[in-house]
Structures are given as C-alpha cells and as structure tokens.
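Shown next, in structure tokens, is the structure this report addresses.
Atoms within a ligand are numbered from 1 in the order they appear, just like the ligands themselves. All residue numbers refer to positions in the sequence shown, counting from 1.
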Amino acid sequence: MAIERTLSIIKPDATRRNLTGQINARFEEQGLSIVAQKRIRLTLEQAQAFYDVHKERAFFEDLCNFMITGPVVAQVLVGEDAITKNRDIMGATNPANADEGTIRKDFAESIEANSVHGSDAPETAAKEISFFFSELEIVG
Ligand code: IDP
Ligand code: MG
C-alpha cells in the first residue's frame, strides 16, 4: 500500500439534502484526509468533459444533466490506498447492491443520483484531480 490521492465529488442529490458534512465525516473517520475542496456549479460542457469516458453509454446524457441540477463539492482525498479505500467507503454504483454502512447504501437516491463520485485508478485519479484543482490548491 502507498499514500495515494483520489478525486471525490459530492453530487447534487447530496448537496441538495445538506449531506456534505456527513459524507466528509465518513472520509475523515475512515482515514482519508480532505486536502482540497471546492463547491461549484458545473456547466453542461464541463460535466460532459468530466464524464467523457462514458460518452457512448446510454446513461451519459441523463448523467450529465443530473450533474448540473445543483452544486457539487469536488475534493481531493489523501491516505493509504486512498483510491480503493474511497471506493469501499462509497459502496457499489447501484445503491441496491451497496454494502451496509457505505455512503451509497445510506444516502443514494438511485443508480444515477448516487451521492458521490470517486476515481477508479491512479491514472484517472491524476487526470480527474487536475480537471478541478491546480497543485497550489492541494494542501496536504
Ligand atoms: P462509479 O461512479 O461507481 O464509478 P460508473 O460506472 O463510472 O460508476 O458510472 C458513472 C456514474 O454514472 C455513476 O456513478 C452513476 O451516477 C451513473 N450511472 C452508472 N450506471 C448507470 C445506469 O445504469 N443508469 C443511470 N446512471 C448510471
Ligand atoms: Mg466510475
């Protein structure tokens, strides 16, 4: 294991329900540090660029439209094995399949409005972090 960075997004369904603090507490309680954070409203073009990897998927258009329904909180999490650890804390994409005690099990509204995004590999983490943050904004 190594110290890693990962990109997290608290999605509009969660910011709308005032869940930012509860979600952040789960990261911090489970050993991830929030070393950068900003609350922003994505444009449709930004949402499409962020999810470009999914542009051929049937859910792409709906997903991008959902991501601009309200503010998101983009954040950089740091810790031991942070990419996998964050995915574990988040739970499965579909909340119906998510383990007990995960963010998506407890908070997600649907497979689409599933409260959080987390990078899935080191390369995507680096790319997604630089999408939102400059190095100057990441303070460990
Ligand atoms: P992940 O967020 O768990 O990594 P991905 O497969 O990368 O899941 O999908 C990105 C996002 O697209 C999901 O978090 C969810 O918001 C949305 N999504 C994924 N699959 C579906 C689907 O079958 N229907 C609607 N939305 C979906
Ligand atoms: Mg993904």
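Each of Lys11, His54, Phe59, Leu63, Arg87, Thr93, Arg104, Ile111, Glu112, Asn114 has a non-hydrogen atom positioned under 4.0 Å from some atom of ligand 1.
Side chains of Asn114 and Thr93 form a contact here, defined as non-hydrogen atoms less than 4.5 Å apart.
Identified under the salt bridge (charged side-chain N to carboxylate O under 4.0 Å, His left out) test for residues 105-118, with sequence neighbours left out: Arg16-Glu109, Arg17-Glu109, Arg26-Asp106, Glu100-Lys105.
A salt bridge links Arg5 to Glu135: one of the charged nitrogens lies within less than 4.0 Å of a carboxylate oxygen.
Evaluation of the salt bridge (charged side-chain N to carboxylate O under 4.0 Å, His left out) rule for Lys127 yields no partner, not counting sequence neighbours. Applying the salt bridge (charged side-chain N to carboxylate O under 4.0 Å, His left out) test to Glu123 and every residue at least two apart in sequence or in another chain returns nothing.
Geometrically, Lys38 does not engage Phe132 in a cation-pi contact defined by less than 6.0 Å to the ring centre and at most 45° from the axis.
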